[in-house]
Amino acid sequence: MILMQLRLVEGLSIPDFQERVGLSSKEVFGDTLDRLASDGLLTVTDDWIAFTREGRLVGDFVISELSSSVATEVQRSLPVLANIATVSM
C-alpha cells in the first residue's frame, strides 16, 4: 500500500515512510533504490522518492523491484524470522 504512493505526482514522502515503517528507506529497499535512481527510473531526495518520466512508464516494474528488495532486505536483516515465515507458509 505504501509503495502505491509512488504513483502520486509528488511520490512517496520519506519522513512519512520512516514514521509508518520505523525504518529508513535505505534499510528497507537497500541498493535497489540507488540502482533504480541511477537507471533514471526514480528521483530520490532527502524527503521524496518519485518516479521520473521514464519510471512512470514502467511503474509496475519499479514497484515490483522495490517490493522484491523488501523481502531480500528482511532476509538479510532478520534471517531467523524470515526462515520462520517461510516454514510456516
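Computed from a prediction, not measured in an experiment: that's the story for all the values here. Counting from 1, the numbers follow the sequence of the chain as shown.
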Crowded around Glu19 CD? As in, over 12 foreign heavy atoms under 6.0 Å?
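Atom CD in Glu19 is not packed in, count stays at 12 or less.
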Whether Thr32 side chain and Leu66 backbone form a donor-acceptor pair below 3.5 Å:
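Such a contact is absent between Thr32 side chain and Leu66 backbone.
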When you measure from the side chain of Glu27 to the backbone N and O of Ser24, does any donor-acceptor pair fall under 3.5 Å?
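Yes; judged by distance alone, with no hydrogens or angles, the pair exists.
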Is it the case that one hydrophobic cluster holds both [X] and [Y], taking links as side-chain heavy atoms less than 4.5 Å apart, direct or via other members?
| X | Y | value |
| --- | --- | --- |
| Leu42 | Trp48 | no |
| Val9 | Ile49 | no |
| Phe61 | Leu57 | no |
| Leu12 | Leu23 | yes |

Using the side chain to side chain donor-acceptor pair (under 3.5 Å) rule, take Glu65 and Ser68 through it: C-alpha gap first, then chi angles, then the decisive distance, then the call.
CA-CA 5 Å; Glu65 289 291 297; Ser68 295; 5.5 Å; no
State, with a plain yes or no, whether a side-chain heavy atom of [X] is found less than 4.5 Å away from one of [Y].
| X | Y | value |
| --- | --- | --- |
| Arg7 | Phe51 | yes |
| Ser13 | Asp47 | no |
| Lys26 | Asp34 | yes |

Between [atom1] on residue [X] and [atom2] on residue [Y], distance to nearest 0.5 Å:
| X | Y | atom1 | atom2 | answer |
| --- | --- | --- | --- | --- |
| Leu33 | Ser25 | CG | OG | 5.5 Å |
| Leu36 | Thr43 | CG | OG1 | 11.5 Å |
| Leu41 | Arg53 | CG | CZ | 14.0 Å |

Nearest atoms (heavy-atom pairs only) where Gly40 meets Glu54
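In terms of heavy atoms, the two residues are closest at O-OE1, 3.7 Å.
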